Structures are given as C-alpha cells and as structure tokens.
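Keep in mind that what you see is a predicted model, and the values were worked out from it rather than measured.
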Amino acid sequence: MSSESSFPEELASAAELTSASKFPYRPTWVPQAGHRSHGTGIAIDVVRIPGDRGAQVSEELIAAAKGNAGPILVRVASSGQDVLFIVPPGTAESFHWPPGVFAHGVQWREYVAVPALRGWATVPVRWESHPTAVQQYVDPDALFKLVCRLTDWPGGPP
C-alpha cells in the first residue's frame, strides 16, 4: 500500500494552496476560469464611474469597509478607465445618481465581462475588490451616500 495520498489538496504545493485559499468564496455569477459576459439586470447591476472620480470612490469605499467593500472591477480602455461597482440586481437604477455616474440594470443595459477570481486576465478588466461571503455585492446605499458626499450631490430618495 502506497503512502502517497490521492487527494489533490494534499499533493498541491504550499503556493498553490495559498493561492486557492485566497478566494474561498465565489458567487455563481463569477466564472471559475476565464471570463463570463453578463447583461445587467439579471444576476448583477452595475454602477459605472469613469476616470479619477471612479478611482477615488473605489479607494474611499474600500477604506470605509476595511477592505470588505464587495465586488469592484476596473475596466481599462484606450480612452481611459471605468470603475464598475457590482450591486444586487434591480438596485442600480433605483437611485438618482449625479451626472457622470451611470446606473446599468434592466432599463440601461450594459454587458460586463466578469473575470475569474484567479488566473491570467483574459479581458481588459481586473478586480479592485473581490466579492466575499459577507459582501457578495457592493452595498448600493453606502455607494450612493459616498458618491453624493464626494460630488456635493443633494441625493434624496430614489
């Protein structure tokens, strides 16, 4: 009888185990490998903020949440970058966002290439903050309040 185990986790190197355990939670809308294109309004909605404003909101949201802000993607194009805040389906369009902030759900559809949590990037999109079991989505209320504060937007009820 051989002393070697047939269980893959016992045969994996320490580096592979560290990498695998870095992302213990993966929502069903995040692919295991490569990327998956999602139309908003079904599994996800997206609040898109272009350029430096999006980067600022992302940094402040992550800091306020102590690193557990939920899923935030950065999409890079030749003309700049967009920061995509992934919120629960049916929530993005329920807020009156300030000019320059774009809500994508059922009415204003956007197709988003969501990359796997680990592996090589397959699209010009990268994770800024990952989904967790506690924060499967970005909290749309917290995001709205932060955007209103940073833009001096009066906000108000959705």
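No single ILVMFWY cluster, assembled from side-chain heavy atoms under 4.5 Å apart, contains both V106 and F95. Residues I86 and I42 do not share a hydrophobic cluster, defined by chaining ILVMFWY side chains whose heavy atoms lie under 4.5 Å apart. When hydrophobic clusters are built by joining Ile, Leu, Val, Met, Phe, Trp and Tyr residues whose side-chain heavy atoms come closer than 4.5 Å, directly or via intermediates, V76 is grouped together with I49.
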Donor-acceptor pairs under 3.5 angstrom involving side-chain atoms of residues 51-68: please list them, not counting sequence neighbours.
unit_1, atom_1, unit_2, atom_2, d
E60, OE1, R149, NH2, 2.9
N68, OD1, T132, OG1, 2.9

Tabulate below the donor-acceptor pairs under 3.5 Å that side-chain atoms of residues 133-140 make, not counting sequence neighbours, or state none.
unit_1, atom_1, unit_2, atom_2, d
Q135, NE2, Y137, O, 2.9
Q136, OE1, Y25, OH, 3.1
Y137, OH, A43, O, 2.9
D139, OD1, D141, N, 2.9
D139, OD1, A142, N, 3.4

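Remark: the backbone N or O of I44 is not paired with any side-chain donor or acceptor of H38 at under 3.5 angstrom. A donor-acceptor pair is defined here as one N or O able to donate and one able to accept, closer than 3.5 Å; no such pair exists between the side chain of D45 and the backbone of T40.
Contact between S129 and G70 at its shortest, heavy atoms only, is OG-O, 2.6 Å. When every heavy atom of A92 is checked against every heavy atom of A103, the shortest pair comes out as O-CB, 3.3 Å. Pairing each heavy atom of S94 with each of T91, the nearest pair is OG-O, 2.6 Å.
By the salt bridge (Lys or Arg N to Asp or Glu O under 4.0 Å) test, R75 is found to be paired with D82, E110, residues two or more places apart in sequence or in another chain being considered. For H104, the side-chain hydrogen bond (donor to acceptor under 3.5 Å, both in side chains) partners at least two apart in sequence or on another chain are R48. Remark: R109 pairs with no residue by the salt bridge (Lys or Arg N to Asp or Glu O under 4.0 Å) rule, at least two apart or across chains.
Sorted by first and then second residue, the salt bridge (charged side-chain N to carboxylate O under 4.0 Å, His left out) pairs with a member in residues 84-95 form an empty list; sequence neighbours excluded.
Counting heavy atoms from C-beta on, the side chains of P131 and L117 come closer than 4.5 Å. For the pair W127/V30, a side-chain contact is recorded, criterion being any heavy-atom separation below 4.5 Å from C-beta on.
Checking each of W108, F144, F102 against W97 for a ring-ring contact (aromatic ring centres under 6.0 Å, His included) leaves exactly one that passes, namely F144.
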